Amino acid sequence: MGRENTIHRYTAEQIENDRRVLELLSQTFGTISAASSEIINLEAILNLPKGTEHFVADLHGEDEAFRHILKNASGNIKRKVREIYANEMRDTDISQFCSLIYYPEQKLELIKSEEKDLDNFYNITLHRLVKVLQSVSSKYTRSKVRKALPKEYAYIIEELLHEAPSGESKQMYYNRIVETIISTGQSDDFIIAICNVIQRLSIDRLHILGDIYDRGQGAHIILDTLANYQEFDIQWGNHDALWMGAAAGNDCNIANVLRIAMRYGNMDTIEEGYGINLVPLASFAMETYADDLCEVFQPKLESGSASDNVRSRTLLSKMHKAISIIQFKLEGKMIEKHPEWKMNGRNLLDKISKDRKSVTVNGKTYPMRDTFLPTVDPEKPYELTAEERELVNKLHRSFVISDKLRRHINLLLNHGCIYNIVNSNLMFHASVPLNADGSLKEVDVMGKKLKGKELLTSVGMLMRAAFNNDACPKEREYARDYYWYLWCGPESPLFDKAAMTTFERYFIADKKTHDEPKGHYYVLREQENIVDSILDSFGVEGPHRHIINGHVPVKVGKGEQPIKANGKLMVIDGGFAKAYHNTTGIAGYTLVYHSRGFQLVQHDPFSNTDEAIRLGTDIVSTIQLVELSQQRVRVRDTDKGKELQAQIDELRELLYAYRNGLIKTR
């Protein structure tokens with residue numbers, strides 16, 4: 001009956017209208033049996049539980065913590081191991097076993113140096129790992145699991161995975177496979193392969209909500225990791241835009257990137273990651289500020305780090321000051337070039353008194369904390385000296401010719417955007433600019449007034465134009481300039497604060513001048529009706545829809561909650577960067593969306609990879625239930641399910657055409 005009803009939904013006219021699509025489809029499924037088999041396969045997939053999505057934000061170069069969270073799936077792997085082996089293994093044994101899953105190569109070397117009966121260890125471990133793999137792979141098709149397996153071991157692992165040892169014959173078959181793996185000396189390779197597959201299948205899709213760069217030492221390592229990852233997307237943050245603009249050749253962005261690197265002593269990403277030559281900056285700084293203590297520009301170094309010594313601090317503070325003054329000059333010229341950005345109030349070099357002892361900000365005069373400004377001409381404060389111009393040219397060239405930086409920017413462009421909508425979740429880094437009444441705020445972009453979805457879409461296209469050789473020169477130049485506005489502009493959807501008070505933080509002691517008043521979005525997002533109106537404007541549908549973003553660290557230590565608007569908005573910037581730990585009181589969030597609903601995982605600081613391998617230490621995580629479903633979410637309930645259903649509908653139409661002779665089988 002069901003098949004007859006399906007068949008009579010189509011007409012000869014409809015088949016004719018869809019003929020081009022159906023003919024293309026018939027090239028892949030050329031017979032009735034082939035089309036029928038694919039329908040059966042897709043219908044089965046629709047009924048599987050949805051894969052687990054992970055959301056993280058504001059990684060800020062903390063590569064060790066990020067990679068560990070990928071390896072332990074935000075604690076999900078350990079929870080599965082506990083569920084399986086709670087009555088068989090002690091907590092300490094579970095921790096060591098999980099450490100093996102996270103870091104198989106390194107852990108095996110350690111175990112082999114201590115274990116006296118390796119064959120017994122291999123036998124027990126292989127059986128246990130297969131059981132864990134069976135658990136994490138249960139929500140996927142055999143085809144998807146097969147694709148995740150290394151080719152050289154795919155067949156044997158698949159046999160172990162799907163041939164459960166029930167009955168004497170099967171038990172002997174199963175055990176013999178394991179024994180042969182051990183006797184042929186392949187145990188290490190098999191353990192490593194299975195552990196990597198467990199990691200891979202524990203996270204189906206990864207969403208990164210911006211700010212991969214700055215603060216920490218390993219942004220380049222994070223991007224190298226992502227380059228070899230399977231399913232992920234990135235919503236650009238203002239720190240990402242800063243680096244993208246630097247790679248495009250925006251000198252204001254380059255100066256800001258270097259200033260932040262000097263401020264936090266982060267030389268690894270700059271020099272080792274991207275091969276940026278900082279010798280010219282060091283030489284200029286040591287000559288220009290030779291007798292200056294540069295106390296205001298002392299770097300914020302991690303205690304015990306390689307740079308935490310008098311010599312390094314002295315050099316970094318001079319380089320820090322040199323690039324900061326250059327930055328303020330470059331920004332002054334950029335603000336003059338773009339009066340439509342209405343940022344003239346941020347030009348403060350010309351507000352410094354002739355004696356250099358005070359500066360006037362918003363009509364009020366403050367004493368200067370640092371009065372030694374040998375390169376600032378009071379008559380032409382925004383003009384670079386000849387030496388500064390030469391330095392800027394050298395730094396510009398270093399950034400635009402860095403092959404690895406360009407590869408990473410291409411990765412951001414290929415996998416990224418300003419916003420994304422996946423499974424009724426609207427994701428963006430910072431904000432959707434709003435008016436005081438909660439209505440969408442119009443923002444000027446190249447002379448056009450844009451708001452909401454149209455604004456974010458246009459900004460995303462403009463960002464790509466800076467790297468698009470087909471764009472007109474005027475648009476490319478504006479796009480390159482606009483990257484700086486995205487970094488710190490008051491109406492930038494990646495920033496959305498009244499000002500970035502960098503000058504004040506260096507030169508004025510009064511902390512009232514350091515405030516950066518936030519846009520209306522950050523206050524109004526507490527209200528459910530405002531969140532609903534934003535979701536409506538972006539066309540986000542579904543009974544369980546949300547906004548997910550980061551950018552502003554959640555001050556958990558002061559009682560701030562990451563869940564807002566009656567659960568419809570989640571802020572997941574928990575402070576991955578060590579520089580933010582005192583602000584947030586924690587060390588980052590991961591939001592996990594699995595077939596049962598949402599869980600927010602709150603992380604304590606990660607010690608280091610070496611301790612995790614040797615001692616089995618893990619990131620201590622606290623789980624907060626955000627939203628749980630009474631029924632499991634199936635693939636059919638997701639965006640992927642809609643795509644598969646559309647394919648099924650097309651295949652059913654093709655089946656009808658085959659059976660009625662409207663399209664010939666092949």
Side-chain angles (χ1 to χ4, degrees), residues 213-214 242-294 296-299 307 311-337 347-350 352 356 370 372-406 477 480-481 483-484 487-488 502-503 506-507:
Y213 281 100
D214 294 326
L242 183 65
W243 276 82
M244 293 165 80
N250 184 315
D251 290 334
C252 290
N253 287 47
I254 290 171
N256 271 280
V257 162
L258 293 172
R259 177 185 61 79
I260 294 170
M262 300 307 116
R263 182 174 177 81
Y264 292 95
N266 176 7
M267 314 300 283
D268 288 6
T269 299
I270 298 286
E271 293 183 304
E272 295 178 21
Y274 297 130
I276 306 299
N277 183 10
L278 295 180
V279 172
L281 174 58
S283 300
F284 171 83
M286 289 300 291
E287 183 177 341
T288 306
Y289 300 99
D291 299 321
D292 186 5
L293 296 177
C294 300
V296 170
F297 294 89
Q298 288 293 312
S307 302
R311 185 175 179 180
S312 293
R313 282 183 172 275
T314 299
L315 177 58
L316 281 173
S317 62
K318 295 181 189 303
M319 295 169 71
H320 188 184
K321 182 172 182 177
I323 199 63
S324 296
I325 300 303
I326 290 172
Q327 174 191 314
F328 298 138
K329 290 184 176 185
L330 293 169
E331 290 178 343
K333 291 293 186 181
M334 182 70 78
I335 290 168
E336 183 182 334
K337 181 180 179 181
N347 277 347
L348 298 174
L349 290 181
D350 60 328
I352 299 172
R356 310 292 177 90
D370 187 327
F372 185 67
L373 303 172
T375 68
V376 179
D377 182 348
E379 301 301 321
K380 299 177 181 178
Y382 299 104
E383 293 295 328
L384 295 171
T385 65
E387 294 79 10
E388 286 175 326
R389 172 51 60 193
E390 182 182 2
L391 173 60
V392 168
N393 289 340
K394 288 179 179 177
L395 294 171
H396 177 101
R397 176 170 171 76
S398 284
F399 272 84
V400 298
I401 68 170
S402 172
D403 288 338
K404 188 165 185 179
L405 176 57
R406 180 53 64 94
E477 181 183 359
R480 189 165 51 245
D481 290 353
Y483 269 110
W484 177 74
W487 161 242
C488 62
T502 307
F503 180 95
Y506 287 126
F507 289 104

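The chain is numbered in sequence order, starting from 1. Note that the structure is predicted; figures quoted are calculated from it, not measured.
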Task: Verdict with reasoning, T269 to D214, per side chain to side chain contact (heavy atoms under 4.5 Å, CB included) - done: CA-CA 9 Å; T269 299; D214 294 326; over 6 Å; no
- [ ] Take atom CD of E271 as the centre, draw a 6.0 Å sphere, and report whether it contains more than 12 heavy atoms from other residues, nucleotides or ligands.
- [x] yes
Open item on the list: Let me confirm one number: the OG-CG distance from S398 to N393, rounded to the nearest 0.5 Å.
Closed with: 11.0 Å
- [ ] List the steps and the verdict of side-chain hydrogen bond (donor to acceptor under 3.5 Å, both in side chains) for Y289 and H320.
- [x] CA-CA 11 Å; Y289 300 99; H320 188 184; over 6 Å; no
Open item on the list: Check whether S283 reaches the backbone of P280 with its side chain - one donor and one acceptor, N or O, closer than 3.5 Å.
Closed with: no
Task: Heavy atoms from other residues, nucleotides or ligands near NZ of K380 exceed 12 (cutoff 6.0 Å) - done: no
Open item on the list: Using every non-hydrogen atom in the two residues, find where K321 and C294 come nearest and quote the distance to one decimal.
Closed with: CD-SG, 3.8 Å
Task: Residue of the set I254, L281, I270 for which side-chain contact (heavy atoms from CB on, under 4.5 Å) holds with I276 - done: I270
- [ ] Step by step, work out the side chain to side chain contact (heavy atoms under 4.5 Å, CB included) result for W484 and D251.
- [x] CA-CA 9 Å; W484 177 74; D251 290 334; over 6 Å; no
Task: Polar side-chain atom of R313 near backbone of P299 as donor-acceptor pair, under 3.5 Å - done: yes
TODO: Can you spot which of V400, I323, I326 makes a side-chain contact (heavy atoms from CB on, under 4.5 Å) with L395?
DONE: I323
Open item on the list: Distance check, rounded to the nearest 0.5 Å: R389 atom CZ versus H396 atom NE2?
Closed with: 10.0 Å
Task: Distance-minimising heavy-atom pair for N253 and A246 - done: CB-N, 3.6 Å
TODO: Evaluate whether atom CD of E383 has more than 12 neighbouring non-hydrogen atoms of other residues, nucleotides or ligands under 6.0 angstrom away.
DONE: yes
Open item on the list: Do M334 and N250 have side chains that approach each other closer than 4.5 Å (heavy atoms only, starting at C-beta)?
Closed with: yes
Open item on the list: What verdict does the side chain to side chain contact (heavy atoms under 4.5 Å, CB included) test give for V279 and K394, after you've listed the backbone C-alpha separation in whole Å, the side-chain angles of each residue and the deciding distance to 0.1 Å?
Closed with: CA-CA 10 Å; V279 172; K394 288 179 179 177; over 6 Å; no
TODO: Taking the side chain as every heavy atom from C-beta outward, state whether W243 and V257 have any atom pair closer than 4.5 Å.
DONE: yes
Task: Pair N347, E336: side-chain N/O donor-acceptor within cut-off below 3.5 Å - done: no
TODO: Quick one: closest heavy-atom pair of G249 and R480, and the distance?
DONE: C-CD, 3.9 Å
- [ ] Could you tell me whether the side chain of T502 reaches within less than 4.5 Å of the side chain of F328, counting heavy atoms only?
- [x] yes
Open item on the list: For the CE atom of M267 and the CG atom of L316, what is their distance to the nearest 0.5 Å?
Closed with: 5.5 Å
TODO: Ignoring hydrogens and angles, tell me if any N or O in the side chain of Y382 forms a donor-acceptor pair with the backbone of L349 under 3.5 Å.
DONE: yes
TODO: For residues L348 and F503, report the shortest heavy-atom separation together with the two atoms involved.
DONE: CD1-CD2, 3.5 Å
TODO: Grab the two heavy atoms, one from I325 and one from L373, that are nearest each other, plus how far apart they are.
DONE: CD1-CD2, 3.8 Å
TODO: Give me the ring orientation class for Y213 and Y274: parallel if the planes are under 30° apart, tilted from 30 to 60°, perpendicular past 60°.
DONE: tilted
Task: Other residues, nucleotides, ligands: >12 heavy atoms within 6.0 Å of R356 CZ - done: yes
Open item on the list: What's the separation between atom CG in N266 and atom CG in L258, rounded to the nearest 0.5 Å?
Closed with: 10.5 Å
TODO: Flag the pair D291 / F372 as yes when at least one side-chain heavy-atom distance between them is below 4.5 Å, and no otherwise.
DONE: no
- [ ] Please round to the nearest 0.5 Å and tell me the distance separating atom CZ of F284 and atom OG1 of T385.
- [x] 5.0 Å
- [ ] Could you walk me through whether R259 and N256 pass the side chain to side chain contact (heavy atoms under 4.5 Å, CB included) test, one step at a time?
- [x] CA-CA 5 Å; R259 177 185 61 79; N256 271 280; 3.3 Å; yes
Task: Non-hydrogen atoms of T375 and E388 that approach each other most closely - done: OG1-OE2, 3.0 Å
